[in-house]
Structure formats: C-alpha cells, structure tokens
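Take a look at the structure set out below.
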Amino acid sequence: MNTLPQSLPGKRLLLTAALAVLALAGLAARPAAAEELAKNLFGAQKLPAVAAPQSIGFYSKGCFAGGVAIPLNGPKWEVMRPSRNRRWGHPTMIALIEKLSRDAAADGWPGLLVGDISQPRGGPMLTGHASHQIGLDADIWLTPMPDRKLSLEQRENMSATLLVDEKTHLVKDALWAPAHTRLLKRAASYAEVERILVNPGIKKKLCDTVKGDRGWLRKVRPFWGHDYHFHIRIGCQPGSPKCKAQENTAPGDGCDQSLAWWFTEEPWRPNKNPDRPKARDLMTMASLPAACQAVLDGPDPASAEAVTYYGDGVPVAAAPVLTKAPSPARASASGAAALPATANAYAETPEIGIPLPRPRPGG
Ligand SMILES: [Zn+2]
C-alpha cells in the first residue's frame with residue numbers, strides 16, 4: 001500500500017490519524033500506569049467500614065466490611081506488633097480467637113500471642129502476607145503468652161522463636177512440647193476453621209507423634225514459613241455472598257507423598273526470578289472485586305474502641321456511635337450495631353440485618 005500515490009493532504013490526514021491513535025493510546029495507558037496501588041489505599045485505612053460484616057473476594061484478593069478489632073489485651077491473649085494495626089477481622093474470626101484463648105488456657109496453654117489478622121478494611125498489605133485480605137485469616141504465635149504482661153515496646157520488639165531448623169526443615173525437639181500439639185488440635189477442632197497452615201517440619205512432627213484421633217490433621221497443611229506461628233483460616237461466613245471459598249482439602253491426614261514433597265529439594269530452590277514483582281505491587285482497585293471500592297468509601301465508626309469486640313462477657317463499648325447519623329435501615333443493617341452487648345463463650349456471626357446462614361459450599 002505504500003506504493004500507492006498519495007496526495008499531500010492525504011499524507012497529512014494519515015499523520016493526524018496516527019497522532020490521534022498515539023494520543024488515545026497514551027490516554028488509555030496513563031490512568032492504568034498512574035492508578036494508585038490497592039495496597040497503598042487499604043494500607044492507609046485506620047478504621048473499618050461500618051456495615052454488616054461481609055468478606056468480599058478471595059483470601060489473597062479481596063477486602064471486607066464491618067470488621068471488628070480484637071482488644072490489645074484479653075484475659076488470655078496479647079496482641080503482638082500492635083503498631084501494624086492488623087488486629088481486625090470478621091466478627092466470627094475475632095470471636096474464634098477469643099474462644100481459642102480460653103479453650104487453650106483450659107488445655108494448659110498460658111495464653112495466645114496474637115499476630116497479624118487483617119487491616120481494618122482488609123485488602124493487600126504494604127508488607128508481608130499475600131492472604132489475610134478478607135478478615136478470615138489470623139496468625140497465632142507458637143510461643144505461649146509470658147506470665148508477665150508485655151509492654152507495648154516488648155510487643156513490637158520481642159523476637160519470635162523459630163521452632164524449625166532451617167536446613168533440615170525438622171522441628172527442634174528441644175523446643176517442641178505436647179502443649180503445641182494440643183493447641184493446634186484445639187484450633188483445628190472448630191467447625192469454622194477450614195485450614196491451619198504450619199511449617200512442613202511441624203506437620204511432620206504431628207504426623208509422627210499424634211496418636212488416636214488423627215482426623216484433625218487433615219486441616220493442618222504444610223506451607224513455607226509458619227515456623228514461629230501458625231495460621232488459622234476460617235471459611236466464608238454467612239452474609240458474604242461475594243466471598244470466594246477455597247478448595248476443600250484433600251481427604252486423609254496429609255501424612256503422605258504431599259508431605260514428603262516438602263522434604264525434597266524442589267520447594268526450597270532459590271527463586272529463579274527474584275525481581276518479579278509481587279501481586280501486591282501490581283494490584284490496583286481494578287484488580288479487586290468492584291465492591292471493594294464501596295468498602296474503601298464506607299463510613300468510619302466513631303473510634304476503634306467503638307468497634308472493638310469483647311467476647312468475654314465484657315460489654316462492647318456501648319453500641320458503636322456512627323460518625324454520620326444512619327438511616328434506621330442502615331442502623332439495623334450495621335454489623336457493628338448488631339454485635340451482642342455480651343457474648344457467650346462463642347458468639348455466632350450476628351444475624352441482624354444479614355441473610356440467614358446457608359450451608360457453606362462444599363462444607
Ligand atoms: Zn499467616
């Protein structure tokens with residue numbers, strides 16, 4: 001076509017058209033390139049969105065509304081690294097941690113050191129975890145709560161104890177105690193808990209030593225890291241139609257070839273492409289479910305204290321006072337307002353204003 005004769009005006013027209021295409025391409029590319037990363041937007045949130053509790057999306061790609069905080073101190077727990085402000089979760093997750101702290105204490109574990117749960121509105125984080133985005137994941141240290149209360153500074157700086165040898169990937173026997181097994185078994189015992197992630201060395205220790213009932217081992221899955229803490233993951237909760245369930249765990253106790261693989265060289269090979277950006281360095285709001293924009297824009301509660309969940313018979317600090325006066329419909333749909341003033345040992349997800357529980361998919 002270049003051989004076809006063209007008049008000068010024709011050439012000029014072509015050039016104009018080409019410039020227009022370039023300009024359009026530039027316009028299309030610019031917002032994507034300049035669009036702020038979701039981790040910056042969610043990482044800047046100080047408070048949850050007041051709404052009925054709802055997880056949106058997947059554990060590693062989503063957000064949540066109606067989050068509540070676990071208090072920094074409980075009778076049988078202390079929150080670690082409090083400056084990170086990751087003590088937020090779906091009310092069911094927070095109630096479950098509080099219940100675990102009591103049950104574990106009854107089993108002889110002095111108390112829980114609570115690690116990261118989620119950011120106030122979930123979403124990708126500036127550092128650390130790929131998951132923990134929808135308020136249904138929590139890390140609990142494998143170190144028992146000391147008998148002297150930790151200061152805030154100690155909670156920021158106390159170093160964690162690695163229970164697994166980095167070379168052999170086996171548990172350090174001098175540090176492992178039957179109490180660790182009891183704690184993990186207790187955590188796995190709750191119906192809401194779908195998975196517990198531990199280092200492969202810890203999974204192997206359980207496989208080698210647990211006698212009698214081994215059914216709970218099915219929930220305990222080997223994963224990288226998780227050598228000073230374990231990770232509790234609960235399933236999608238009622239009232240979260242946009243929550244994406246994970247696949248069921250394979251049948252059996254998992255003490256099989258799938259575990260043996262972790263003791264080969266393959267999972268520990270150096271990353272061939274260490275400079276490849278992580279998901280959180282690419283995710284914009286367009287990567288997340290559309291409903292996450294509404295979560296980001298949702299109203300703040302009056303304070304963190306107003307949406308802190310005391311599940312131990314201690315009243316929630318009155319009913320949360322919203323920053324904007326809600327319509328009656330909004331007030332009744334507010335998960336925060338629906339929190340029980342006092343909770344029994346294990347409070348179910350509040351049902352006020354949210355659909356009745358449905359059987360969990362694949363549950
Ligand atoms: Zn974790």
Side-chain angles (χ1 to χ4, degrees), residues 38-39 42-43 55 57-64 67 69-70 77-90 92-98 100-101 104 112-145 155-156 158-164 166 169 171 180 183-188 190 192-203 206 219-237 243-247 249 254 262 267 278-281 283:
K39 67 174 183 179
F42 280 96
S55 300
F58 195 60
Y59 298 87
S60 54
K61 193 190 262 194
C63 62
F64 71 110
I70 190 166
W77 76 82
E78 290 180 337
V79 170
M80 301 300 283
R81 313 296 193 244
S83 66
R84 293 182 183 172
N85 197 27
R86 293 177 180 171
R87 59 187 176 105
W88 300 88
H90 187 286
T92 301
M93 181 84 250
I94 302 302
L96 187 132
I97 297 169
E98 297 181 7
L100 175 62
S101 78
L112 304 179
L113 295 182
V114 178
D116 287 357
I117 310 172
S118 287
Q119 299 178 139
R121 302 183 189 206
M125 296 181 181
L126 292 166
T127 56
H129 324 273
S131 65
H132 292 251
Q133 293 195 22
I134 54 177
L136 306 179
D137 293 287
D139 289 342
I140 307 290
W141 287 34
L142 285 159
T143 307
M145 188 171 93
R155 295 179 201 206
E156 294 296 339
M158 188 177 123
S159 52
T161 307
L162 304 187
L163 294 181
V164 178
E166 283 177 87
H169 309 297
V171 160
H180 288 116
L183 176 63
L184 293 168
K185 181 177 183 180
R186 180 62 71 182
Y190 306 123
E192 291 78 7
V193 173
E194 291 190 343
R195 273 176 169 73
I196 291 181
L197 305 180
V198 296
N199 187 274
I202 293 174
K203 172 77 185 188
L206 297 174
K219 291 186 183 178
V220 182
R221 316 301 298 180
F223 207 68
W224 290 275
H226 300 88
D227 45 8
Y228 73 90
H229 72 272
F230 64 102
H231 178 136
I232 300 176
R233 174 168 294 174
I234 65 173
C236 289
Q237 295 300 301
C243 179
K244 202 168 153 231
Q246 64 195 329
E247 279 181 31
T249 53
W262 289 94
K278 292 182 187 308
R280 66 166 161 267
D281 299 323
M283 289 167 96

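Only this structure's heavy atoms are used, side chains among them; waters, hydrogens and symmetry mates stay out. Both counts, for ligands and for their atoms, begin at 1 and track the order of listing.
- The Zn ion (ligand 1) lies under 2.8 Å from an N, O or S atom belonging to Asp139.
- His229 lies apart from the Zn ion (ligand 1) in this respect, since none of its N, O or S atoms is found at a distance under 2.8 Å.
- Screening Arg81, Met158, Arg155 for a side chain to side chain contact (heavy atoms under 4.5 Å, CB included) with Leu113, the sole residue that qualifies is Met158.
- One finds a salt bridge joining Asp116 and Arg84 here, because a Lys/Arg side-chain nitrogen approaches an Asp/Glu carboxylate oxygen to under 4.0 Å.
- Aromatic ring pairs are classed by plane angle as parallel below 30°, tilted from 30° to 60° and perpendicular above 60°; the pair Phe223 and His226 is perpendicular.
- The N, O or S atom of His231 with the smallest distance to the Zn ion (ligand 1) is ND1.
- Checking side-chain atoms of Trp224 against main-chain N and O of Pro267 turns up a donor-acceptor pair under 3.5 Å.
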